[in-house]
Protein chains: 2
Amino acid sequence: MPRTGRRPGPARTRERILGAARTQFGREGYDKATLREIAAGAGVDPALIPHYFGSKEGVFLAAVEFPVDPALFIPRLLEPGVEGLGERLVTFFLETWDSPAGSSLLALIRSVVSSDLAAELLREFVTREVLGRLAVAIQLDQPQLRASLVATQLVGLAMLRYVIKVEALKSASREELAGWIGPSIQRYLTEPVV
Amino acid sequence: MPRTGRRPGPARTRERILGAARTQFGREGYDKATLREIAAGAGVDPALIPHYFGSKEGVFLAAVEFPVDPALFIPRLLEPGVEGLGERLVTFFLETWDSPAGSSLLALIRSVVSSDLAAELLREFVTREVLGRLAVAIQLDQPQLRASLVATQLVGLAMLRYVIKVEALKSASREELAGWIGPSIQRYLTEPVV
DNA sequence: CTGGGAATTCAACGGCTGTAGAATTCAACG
DNA sequence: CGTTGAATTCTACAGCCGTTGAATTCCCAG
């Protein structure tokens with residue numbers, strides 16, 4: 001059983017493919033992004049991508065891993081107590097989008113609208129990992145509705161600031177936005193029943 | 001100069017093509033929708049569409065006309081005064097989406113994310129027709145930022161309720177949602193400077 | 001009844017897509 | 001140095017797309 005053959009390589013090129021895939025999926029969304037463009041971005045032959053990841057779907061799933069771990073950040077946001085939770089949540093949300101991890105989120109949100117696969121993926125993940133944890137954290141009625149309302153405000157903010165790029169939101173500072181939007185989130189999370 | 005030849009027809013089939021186009025663009029978005037599927041939905045040969053509307057872009061522009069006229073509904077919403085404006089706005093927004101006109105909006109929001117053409121179209125229209133009118137209506141500082149914040153909340157609501165179809169939002173009543181979200185909108189519009 | 005012209009269909013082209021499989025390169029080993 | 005087998009590339013296929021221009025249908029005027 002000879003342990004021979006070409007050894008080094010795939011670690012490097014796998015990473016470069018994933019990087020180019022994130023860029024491309026973020027810029028174009030799942031459908032418009034093509035394996036040929038991703039391969040060109042990675043300086044690689046297009047056939048290498050199905051070879052490593054099985055299919056276009058495979059490289060998408062490998063590329064858009066959720067860039068933050070809810071099991072970590074949710075307790076960290078809750079730790080200082082409920083007061084100011086809304087503002088902290090908005091600030092954390094904007095910091096994540098403005099960080100390098102934002103490209104993964106852009107790929108996800110762009111793809112969610114065009115691909116049922118991506119929509120299902122995100123809905124399952126958010127329901128299980130995020131809404132679940134938030135539901136047990138806030139000890140109030142209708143936790144799913146409350147968490148969903150929070151999501152509407154945050155998703156809308158991401159859509160207009162990062163996807164459509166509305167000028168007034170693009171040029172506003174994180175602190176300013178947190179000051180405006182934080183209280184809305186806070187109310188969705190803590191306001192007693194309507 | 002003989003006025004002869006086949007006369008009736010196009011009015012009917014033009015309408016049927018536009019209807020099928022709205023359905024298809026709403027279900028698939030601009031990119032995924034195909035002329036062949038639209039034609040099949042209208043019971044018509046695919047070549048008729050470029051023939052009547054010039055191109056795929058042409059039938060899209062003809063199909064997704066904004067289904068409500070801001071010049072009409074904005075004064076109507078403002079007329080009872082500023083108190084309760086937030087709730088009225090949310091209610092009107094949801095009524096429009098739940099009406100037959102909602103399919104045009106779905107086509108628009110689905111397409112905005114995949115097509116630069118649609119994004120540019122919507123951004124220009126909203127900036128000019130909606131934000132402008134709202135800005136003069138509310139006599140406060142930073143009218144564009146305020147109107148954009150309103151838009152984030154409404155767009156996010158539409159995304160999660162009608163595009164991703166999150167259960168908690170899909171099954172909530174219009175009144176319930178207006179009760180939760182209305183105050184946020186109200187604050188964005190009328191809260192004195194932060 | 002007959003011809004003309006609009007309405008509609010047919011057939012096809014060129015381009016792009018994801019993907020499969022054969023062919024080739026090349027670093028590491030005996 | 002030659003063999004080996006993984007890493008990579010080449011070639012090609014089948015399918016769908018928007019669009020085109022010629023062919024056909026069919027209503028209506030004369």
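Throughout, protein chains are lettered first and strands after them, A, B, ... in sequence-line order, and every chain is numbered starting at 1.
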Using whole Å, what does the distance between atom [atom2] of nucleotide [N] and atom [atom1] of [X] come to?
X	N	atom1	atom2	value
A:Ile38	C:dT19	CD1	C1'	14 Å
B:Phe53	C:dT8	CZ	P	11 Å
A:Ile49	C:dG18	CD1	P	9 Å

My understanding is that only residues two or more places apart in sequence, or in another chain, count here; which of them pass side chain to side chain contact (heavy atoms under 4.5 Å, CB included) with B:Glu129? B:Pro70, B:Phe125, B:Arg133
Return the set of residues passing side chain to side chain contact (heavy atoms under 4.5 Å, CB included) with A:Leu140 (not counting sequence neighbours), or none when no residue passes. A:Arg146
On the nucleotide C:dT8, are OP1 or OP2 found under 4.0 Å from the side-chain N or O atoms that B:Tyr52 carries? yes
Presence of B:Thr13 side-chain N/O under 4.0 Å of C:dT8 phosphate oxygens OP1/OP2: yes
Expected string for nucleotides 9-17 of chain C under the B/S/- scheme (protein heavy atoms, under 4.0 Å, primed atoms plus P, OP1, OP2 as sugar-phosphate) is BB-B----B
Scan for salt bridge (Lys or Arg N to Asp or Glu O under 4.0 Å) pairs involving [range], sequence neighbours excluded, and state none if there are none.
range	result
residues 28-56 of chain A	none
residues 81-96 of chain B	none
residues 162-171 of chain A	A:Glu167-A:Lys170

For Watson-Crick and G-U wobble pairs within 3.5 Å on both distances, what is DNA chain D written in dot-bracket notation, | included for inter-strand pairing? ||||||||||||||||||||||||||..||
Sort and list the pairs that fulfil side chain to side chain donor-acceptor pair (under 3.5 Å) and have at least one residue in residues 148-158 of chain B, not counting sequence neighbours. A:Thr152-B:Gln153, A:Gln153-B:Thr152, A:Tyr188-B:Gln153
Between A:Asp69 and A:Arg76 (salt bridge meaning N to carboxylate O under 4.0 Å), is one present in this structure? no
Sequence neighbours excluded, the answer for side-chain hydrogen bond (donor to acceptor under 3.5 Å, both in side chains) partners of A:Arg187 is B:Ser184
